[in-house]
Amino acid sequence: MRWTQTLIPTMKETPEGAEIPSHILMLRSGLISQVMAGAYTYMPLGLRALRKAERIVREEMDAAGAVELLMPALTPISLWEQTGRVEAFGDVLIQFSVRRQNRKVQMALGPTHEEVITDLVSRYVSSYRQMPVILYQIQTKFRNEERPRFGVLRTSEFLMKDAYSFNASVESLDESYDKMYDAYCKIFDRCGIEYLSVEAESGPIGGDASHEFMIPAENGEDTIAYCPACGYAANLERAEVGEHGSRMPDVPMEELQDVATPDAGTIAQVCEMLDCKPEQMIKTLVYMADDKPLVVLLRGDREANEGKIRRAAGAERLALAEPDIIEKVTGAPVGFAGPIGLATDVPILVDRDLLEVRNAITGANKSDTHTKGVNLDRDCKIAADRYADLRNVAAGDPCPRCGQKMVLRNAIEVGHVFKLGTKYSESLSARFLDDKEQLNPIIMGCYGIGVNRIVAGLIENNHDKFGIIWPVSLAPYEVLLVPMKVGDEATMQLADTLYDELKAAGVDVLIDDRDARAGVKFKDADLIGIPLRIVLGPRGLKEGKLEIKWRWESEAEMIDLEGAAATIAEMIGEERNSSACFQARPRN
RNA sequence: CGGGGCGUGGCGCAGCCUGGAUAGCGCGUCUGACUGGGGGUCAGAAGGUCGGAGGUUCAAAUCCUCUCGCCCCGACCA
C-alpha cells in the first residue's frame with residue numbers, strides 16, 4: 001500500500017480525553033476514530049491489525065477442531081426471556097421493538113450468543129453420536145456499557161470470538177475445555193502477548209471450571225492475585241486467602257468498655273477519634289442472604305468478598321441490607337453495628353482474620369457508641385464452623401497453594417473459558433439421546449476472546465515514548481519502506497522496484513511515498529510502529545546498500561541492495577512465525 | 001446511579017473570574033520559493049453559528065437558567 005493512497009491521519013498531539021497509552025497511541029497513529037462514547041471507527045491501519053488478530057484466532061480455532069459459523073447480531077427477545085437473562089443483563093441488553101405491518105417485534109442486539117446457539121443446536125443435534133462439537137464465530141457484540149472507557153478496551157460494540165462446545169459427558173466437556181484452553185495459549189503466544197491464565201468464578205459446575213486469560217497491565221480494570229513463588233493466579237473474586245494458622249497475640253484481654261463516638265459511623269472516623277488502627281476494628285456488615293438477614297464480621301481494613309460470603313452462607317442471592325433492616329437487626333443506626341448485643345438473633349459469619357485480633361473495637365449497637373476490649377472468643381462464643389475466608393485477597397497474603405506471599409496486579413481480561421454445564425441446554429430444551437437411550441441435557445462450555453482487546457492490550461504493554469511497537473504477527477504492515485527523497489527519480493525507481501518485489505514475496509509492505517521531510521517520516525514511522533523500517537536514502541544507495549531497522553532495536557544495519565527483497569522476506573518470515581526477535585527485546 | 005472536569009477553525013490550547021473594538025496562539029491544511037537523514041525556513045491564503053436553547057444587558061465566548069455531548073474517579077459488570 002502507498003501512504004498517499006490510504007488514510008493514515010497521524011497526530012502530533014494527544015487528543016483531549018485520551019489518557020491511557022493504548023487509547024492515546026491508537027488515536028495518534030490513526031488506527032481508530034471515535035464516533036461516540038463506546039463506539040469507534042477502525043481506520044485502515046487499525047482494521048488491518050484487527051484483522052490480523054482475527055486471523056490468528058480463526059486459524060487456531062480451526063486447528064483445534066472448532067467449526068466456524070455466523071449468527072445474527074439481531075435476536076428475538078423471546079430467547080432471552082426463556083433463560084431469564086433479560087433481567088440478568090438488565091440495561092446492558094440493548095433491546096428495542098420495530099414495527100412490522102400491524103404488529104411490534106421485540107428484539108435485542110446480542111451481547112453474547114449462548115441462547116442463539118443453544119437454540120440452534122437443539123434443532124439439529126439429538127444424539128450423542130453427533131457430539132462433541134465446538135462451534136464458533138467472530139462477530140460484533142453489543143452491550144450497553146454503563147460506562148464505556150479506555151478507548152477500545154471497554155466499548156458498547158466490540159468484536160468477539162465466541163465458541164461453544166456441546167458434549168455428551170462431563171469427561172468430554174473436559175476434553176473440549178482443554179482443547180480450547182490450549183488453543184488460547186497458542187493464540188496469545190502468536191500475538192506476542194504476555195498473559196496469565198487465572199482461575200475465575202466457576203459457577204454451577206464448580207471446581208476447575210473457569211479460567212480467564214489476563215494481560216497484566218497498569219491500566220487493567222480487573223485485579224488478579226498472583227503468587228510469584230508457585231505461579232498460582234486467580235482473579236480477585238475467586239482468589240483464596242491461604243491459611244497461616246492462628247496467631248492470636250499473646251496479650252491480656254481487656255475488659256469490655258463502651259466509649260462515646262459521636263457521629264463516627266465509619267472505620268476511618270472511629271480510628272481518628274479513638275486513635276486506633278483499622279486492623280484493631282471489627283467491621284460488622286449486615287447482608288440479606290436469600291431474604292434473610294446475615295451478619296458478617298471482618299477486620300476493619302478488609303474488603304468483603306460477596307461471592308465467598310454467599311457460598312459460606314449457602315445462599316443463592318446476597319446483597320447488603322437496606323438501612324431499615326440494619327437498624328432492626330442491630331437496634332442502632334447504620335455505622336454502629338457490632339457482634340455483641342444485637343437486637344435480634346441472626347446468623348453470624350466471621351472472617352478468619354478475626355482469630356488474630358485481641359481487644360478489638362466495634363460498634364456497640366447503640367447510637368454514637370463503640371465498644372473497646374472486644375474478644376470474640378470470650379464475648380461472643382461463635383461456633384468454629386462460622387469462621388471462614390470471606391474477604392478479598394490483599395497484597396502480601398499467603399498463597400493458598402504454597403503459603404508464600406501473593407502480589408496483586410491489575411490486568412486486562414482478554415479471554416475467558418468456562419464450563420457452562422446444562423444451564424442453557426435445560427432452559428432451551430437442548431437434549432440428546434445417550435447410548436442407553438436416555439434423554440439428557442447437552443453439557444456445554446463457552447469460550448470467548450475479545451479481539452479488540454488483543455490489539456489494545458498489546459499496545460498497552462508494547463510501546464515507547466515514540467509510539468507503538470508491533471510484533472510482526474499483529475502489525476498492520478510488516479515492512480515500512482521509506483524513500484528519503486521522493487523527488488529523486490533514481491531513488492523512487494529503486495523504491496518502487498523493491499516495493500513490488502516485496503509484495504510479490506508475500507510481505508505486507510507500506511511505502512511512505514509522501515513528499516515529506518525525513519524527520520516527519522521517521523516520527524510517523526516510530527508512531528505507527530511498523531516492525532521493520534527500510535530506508536532508501538542517498539547515503540546507502542551510493543554504496544549499493546539500504547538501511548533496515550527493527551522498531552524495537554535502537555540501531556539500524558545496512559544490507560546489500562542486491563537481493564534485498566529476498567533477505568527481507570526471509571527475516572519477516574522467521575519473525576512472523578516465532579516473534580522471537582520481538583519477544584527478546586527489552587521491555588520498557 | 002453518586003462525585004469531579006471539559007466543550008472556542010481539522011488537532012492542541014488562551015481568552016471567561018472582572019461583559020465592550022475585526023475572537024487570539026501553536027500545529028495541521030492550501031499556494032509559491034528555498035530546502036532535503038529525526039516533526040525545516042520565508043512569503044502569502046483559506047478555515048470559527050465560541051456545543052445548543054432561553055434569559056439578563058445598550059452590549060454576551062464571558063453573567064444566569066435549562067439542555068446536549070465528551071472525559072475521569074467511584075458503584076455496577078452475564
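For the numbers below, each heavy atom of this structure counts, side chains included, while hydrogens, waters and symmetry mates do not. Per chain, numbering begins at 1; letters A, B, ... match sequence-line order.
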Quick one: A/Ile32 CD1 to B/rC70 C1', roughly how many Å, whole number?
14 Å
Rounded distance in Å - CD (A/Glu303) to C1' (B/rG74):
13 Å
Can you see which heavy atom on A/Leu27 is nearest to which on A/Ser33, and at what distance?
CD2-CA, 4.5 Å
Give one of base, sugar-phosphate or nothing for A/Glu114, where a contact means two heavy atoms less than 4.0 Å apart.
nothing
Any ion pair linking A/Arg2 and A/Asp496 (charged N to carboxylate O, less than 4.0 Å)?
yes
Determine the interatomic distance between P on B/rA61 and the same-named atom on B/rC50; round to the nearest Å.
7 Å
According to the Watson-Crick and G-U wobble definitions, with both distances under 3.5 Å, which nucleotide is paired to B/rG24?
B/rC13
Is the closest basic N to carboxylate O distance between A/Lys308 and A/Asp351 below 4.0 Å?
no
Could you point out which residue of A/Arg149, A/His23, A/Glu460 forms a side-chain hydrogen bond (donor to acceptor under 3.5 Å, both in side chains) with A/Asn219?
A/Glu460
Strand partner of B/rA43, provided both Watson-Crick or wobble distances fall under 3.5 Å:
B/rU31
Given RNA chain B, 5'-ward residue of the pair A/Thr10 and A/Thr112, judged by closest heavy atom:
A/Thr10
Minimum-distance nucleotide to A/Ala37 side chain [options: B/rG28, B/rC71, B/rC73]
B/rC71
B/rC73 phosphate, OP1 or OP2: any side-chain N/O from A/Arg147 under 4.0 angstrom?
yes
Could you list the protein-to-nucleotides 33-37 of chain B atom pairs, N/O on both sides, closer than 3.5 Å?
from, atom 1, to, atom 2, distance (Å)
B/rU35, O2, A/Arg517, NH1, 2.5
B/rG36, N2, A/Asp515, OD1, 3.1
B/rG37, O2', A/Arg539, NH2, 2.8
B/rG37, N1, A/Glu547, OE1, 3.0
B/rG37, N2, A/Glu547, OE1, 2.4
B/rG37, N2, A/Glu547, OE2, 3.1

Would you classify A/Val520 as touching base, sugar-phosphate or nothing, given that sugar-phosphate means primed atoms plus P, OP1 and OP2, and contacts are heavy atoms under 4.0 Å?
base
Name the nucleic acid region contacted by A/Phe466, choosing base, sugar-phosphate or nothing; use a 4.0 angstrom heavy-atom cut-off, strictly under.
nothing
From CD of A/Glu306 over to P of B/rA75, roughly how many Å is that when rounded to an integer?
12 Å
In this structure, how many angstroms lie between the P atom of B/rC71 and the CZ atom of A/Arg149, rounded?
11 Å
Parallel under 30°, tilted from 30 to 60°, perpendicular over 60°: which one fits the rings of A/Trp552 and A/Trp550?
parallel
A/Lys141 side, atom NZ; A/Met160 side, atom CE - distance, nearest 0.5 Å
5.5 Å
Quick check for you: among B/rC70, B/rC11, B/rG12, whose closest atom lies nearest to any side-chain atom of A/Met36?
B/rC70
Reckon A/Glu145 touches a base, only the sugar-phosphate, or nothing at all at heavy-atom distances under 4.0 Å?
nothing
Take atom P in B/rA45 and the same atom in B/rU8, then report the distance between them in whole Å.
26 Å
Separation of the P atoms in B/rG24 and B/rG9, to the nearest angstrom:
14 Å
For B/rG2, which nucleotide is its Watson-Crick or G-U wobble mate, given both distances must be under 3.5 Å?
B/rC73
Between C1' of B/rC76 and CG of A/Leu236, the distance in whole Å:
16 Å
Base, sugar-phosphate, or nothing for A/Ala88, non-hydrogen atoms under 4.0 angstrom?
nothing
Which of parallel (below 30°), tilted (30 to 60°) and perpendicular (above 60°) describes A/His211 and A/Tyr177?
tilted
Look at the aromatic rings of A/Tyr195 and A/Phe213 and report parallel, tilted or perpendicular, splitting at 30° and 60°.
tilted
Considering only the P atoms, how many Å lie between B/rG54 and B/rU62, rounded to the nearest integer?
14 Å
Of B/rG12, B/rG39, B/rC71, the nucleotide closest to the side chain of A/Leu527 is B/rG39
Using atom CG of A/Leu320 as one end and atom P of B/rA75 as the other, report the distance to the nearest whole Å.
13 Å
Closest approach of A/Ile267 and A/Pro278, non-hydrogen atoms and distance?
CG2-CB, 4.0 Å
Can a side chain N or O of A/Gln34 be found less than 4.0 Å away from OP1 or OP2 on B/rG69?
no
Between B/rC11 and B/rG7, how far apart are the C1' atoms? Round to whole Å, please.
14 Å
Mind checking if A/Asp526 touches a base, just sugar-phosphate, or nothing, with heavy atoms under 4.0 Å?
base
Under 3.5 Å on both distances, the Watson-Crick or G-U partner of B/rG36:
none
Taking B/rG51 as the reference, what is the distance to B/rC68 when you measure between their C1' atoms (whole Å, please)?
7 Å
Inter-nucleotide C1' distance (B/rA46, B/rC30), Å rounded
7 Å
With a 4.0 Å cut-off on N to O distance, would you call A/Arg238 and A/Glu199 a salt bridge?
yes
Let me know the distance between NZ of A/Lys523 and P of B/rG39, rounded to the nearest Å.
7 Å
Taking the P atom of each, how far is B/rA21 from B/rA60, in whole Å?
11 Å
Nearest whole angstrom, please: distance from the C1' of B/rA78 to the CG of A/Leu420.
10 Å
Listed nucleotide nearest any side-chain atom of A/Asp524, set B/rC71, B/rG39, B/rC76:
B/rG39
